[in-house]
Amino acid sequence: MNRKVVLASRPDGVPTAANFRLVQAPVPELADGAVLIATDYLSIDAFIRTTLDDRPGFHGQAELEAPVMALGVGRVVASRFPGLAEGDSVFGPIGAQTHAVMPGGMYRKLPAGDLPPKTWLGLLGMTTGLTAYVGMLTVGEVVSGDTVVVSAAAGAVGSVACQLAKIAGARVIGIAGGSAKCDFLVNTLGCDGAVDYKADDAGAQLAAHAPNGVNVFFDNVGGEILDAVLLQLAPGARVVLCGAISQYNRMGEVRGPVNYLKIAERNASMRGFTVDRYAGDFARMEADIVRWSGEAKLTMPEHVVTGIENFPTALGMLFNGGHRGKLLVAP
Ligand SMILES: NC(=O)c1ccc[n+]([C@@H]2O[C@H](COP(=O)([O-])OP(=O)(O)OC[C@H]3O[C@@H](n4cnc5c(N)ncnc54)[C@H](OP(=O)(O)O)[C@@H]3O)[C@@H](O)[C@H]2O)c1
């Protein structure tokens with residue numbers, strides 16, 4: 001039997017358990033070219049929220065009563081696809097379910113070796129480690145001596161982005177909510193400073209940490225945090241638009257930056273990216289990440305939520321700050 005979390009109603013604001021339903025159904029027969037995958041881990045990604053609205057978003061639109069979209073890793077249980085065999089580990093669009101029957105061509109066969117398959121959701125994950133790599137090193141062009149600020153720094157992308165900036169020789173200031181996460185940024189991730197955006201003096205904290213201005217801002221949050229950092233830009237700064245999680249629960253009324261004139265005044269630039277656009281460079285990036293991980297320069301803390309029925313709770317954690325590092329569901 002397959003246990004799947006389907007969309008029962010479209011959320012208004014932060015998704016709640018009432019927007020989803022757990023359904024049990026027999027696993028369908030395999031057609032030619034299809035594979036049956038048993039899910040090991042699902043990646044809880046911010047883009048999932050943008051698929052739940054009543055109008056299609058950049059990543060498409062979830063259908064009511066269909067399993068919620070999610071990337072994951074799993075094992076092939078049965079295959080009628082020539083490129084995959086029983087026992088293979090795969091990465092791809094599995095959905096919020098314990099078992100998936102899909103065209104085999106939608107999955108990447110993961111190499112056998114020392115790395116656990118869930119690494120391809122975390123450090124090597126397209127939506128995590130590779131996103132941080134593209135944003136910080138390719139788009140942000142961080143160099144030694146830069147002062148770098150990362151928002152949602154204690155989350156999945158942010159954790160890797162901070163560490164990549166340290167590897168490049170930058171001074172790194174992370175922004176996160178609460179003193180425990182700020183301690184985590186400094187003591188676990190090696191940031192040089194941390195700003196608690198939930199504190200009253202967040203703007204002053206930022207100014208104190210970057211007295212000569214911010215050279216690279218890697219933004220995962222948007223809204224008020226983007227505006228606060230724009231005020232602190234150094235001449236020639238690069239603002240990298242990775243995401244805007246503060247806006248995803250109200251995509252119909254996205255708040256743009258009020259302080260955008262600072263981009264002109266500081267001769268700065270603001271550049272967004274989508275990670276898939278850089279797929280041609282993934283092999284090189286993966287090799288770098290594996291090497292730095294082996295040298296203990298990169299770590300990926302994980303928060304694993306157990307039980308497919310807890311998928312909605314995990315999705316909500318993206319917005320209430322309940323995790324550090326990579327958020328996963330193990331069904
Ligand atoms: N450009 C691309 O191709 C690409 C690819 C993948 C992901 N992304 C983006 O990367 C960003 C991070 O995604 P992720 O999967 O790594 O999530 P994550 O950082 O692990 O989780 C989201 C974090 O955002 C913070 N947050 C939530 N609502 C907030 C708000 N209103 N104000 C300030 N902080 C808030 C929370 O941390 P606190 O406890 O600190 O509030 C939470 O832990 C997202 O914006 C996502 O869209 C972009």
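Numbering of ligands and ligand atoms starts at 1, following listing order. Hydrogens, waters and symmetry mates play no part in the numbers below; they use all other heavy atoms, side chains included.
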Under 4.0 Å from ligand 1, counting heavy atoms only, is it the side chain of M317, its backbone, both or neither? neither
Numbering as shown, the atoms of ligand 1 that approach G155 to under 4.0 Å (heavy-atom distance): 18 (P), 19 (O), 20 (O)
Close side-chain approach of L298 to L164, heavy-atom, < 4.5 Å: yes
Do any N/O atoms on F273 end up under 3.5 angstrom from N/O atoms on ligand 1? yes
Counting only nitrogen or oxygen atoms and a 3.5 angstrom limit, does V275 reach ligand 1? yes
Which residue holds the protein heavy atom closest to atom 46 (C) of ligand 1, what is that atom called, and what is the gap in Å? A46 CB, 3.7 Å
Which option out of I245, N249, T50 puts a heavy atom nearest to atom 29 (C) of ligand 1? I245
Yes or no: does A154 have any heavy atom under 4.0 Å from an atom of ligand 1? no
Take V150 and I175 through the test side chain to side chain contact (heavy atoms under 4.5 Å, CB included) and record every step on the way to the result. CA-CA 6 Å; V150 178; I175 302 178; over 6 Å; no
A student checking ligand 1 against I225 at a 4.0 Å heavy-atom cut-off should list atoms 33 (C)
Taking only heavy atoms of V157, which atoms of ligand 1 are found under 4.0 Å from at least one of them? 10 (O), 16 (O)
Look only at interatomic distance and state if G158 has a nitrogen or oxygen under 3.5 Å from any nitrogen or oxygen of ligand 1. no
Answer yes or no: is there a donor N or O on one side and an acceptor on the other, between the side chain of K326 and the main chain of K118, under 3.5 Å? no
Protein residue, atom and distance nearest to atom 37 (O) of ligand 1, heavy-atom basis: K181 NZ, 3.5 Å
Show me which atoms of ligand 1 lie under 4.0 Å from any heavy atom of A176. 40 (O)
Is the backbone N or O of I173 less than 3.5 Å from a side-chain atom of D192, with the two atoms forming a donor-acceptor pair by type? no
For atom 4 (C) of ligand 1, which protein heavy atom lies nearest, and how many Å away is it? T131 CG2, 3.5 Å
Can you tell me the protein heavy atom closest to atom 10 (O) of ligand 1 and the distance? N220 OD1, 3.3 Å
Look at the side chain of S246 and the backbone N and O of V221, then say whether any donor-acceptor pair between them is shorter than 3.5 Å. yes
Those atoms of ligand 1 less than 4.0 Å from some heavy atom in G177: 38 (P), 40 (O)
At a 4.0 Å threshold, what atoms of ligand 1 neighbour a non-hydrogen atom of Y197? 32 (N), 33 (C), 34 (N), 35 (C), 38 (P), 40 (O), 41 (O)
Considering the heavy atoms of A156, write down every atom of ligand 1 situated less than 4.0 Å from one of them. 16 (O), 18 (P), 19 (O), 20 (O)
For F47, what residues pass the ring-ring contact (aromatic ring centres under 6.0 Å, His included) criterion, not counting sequence neighbours? H59
Please indicate whether any nitrogen or oxygen in H323 is less than 3.5 Å from any nitrogen or oxygen in ligand 1. yes
In the protein, what heavy atom is nearest to atom 47 (O) of ligand 1, and what distance, to one decimal place, separates them? Y248 OH, 2.8 Å
Looking only at distances, can you tell me whether any N or O atom of S246, backbone or side chain, sits closer than 3.5 Å to an N or O atom of ligand 1? no
Please state which option from G174, A152, C242, G325 has its nearest heavy atom closest to atom 8 (N) of ligand 1. C242
Salt bridge present between D40 and R75 (N-O < 4.0 angstrom): yes
Could you tell me the residue and atom name of the protein heavy atom closest to atom 7 (C) of ligand 1, and the distance to it rounded to 0.1 Å? T127 O, 3.8 Å
Determine yes or no for a side-chain-to-main-chain donor-acceptor pair under 3.5 angstrom, with D196 supplying the side chain and K198 the backbone. yes
Tell me which protein heavy atom sits closest to atom 23 (C) of ligand 1, plus the residue, atom name and distance to 0.1 Å. L318 O, 3.7 Å
Relative to the heavy atoms of G243, which atoms of ligand 1 are at a distance of less than 4.0 Å? 45 (O)
Check F47 against ligand 1 and report side chain, backbone, both or neither, counting heavy atoms closer than 4.0 Å. neither
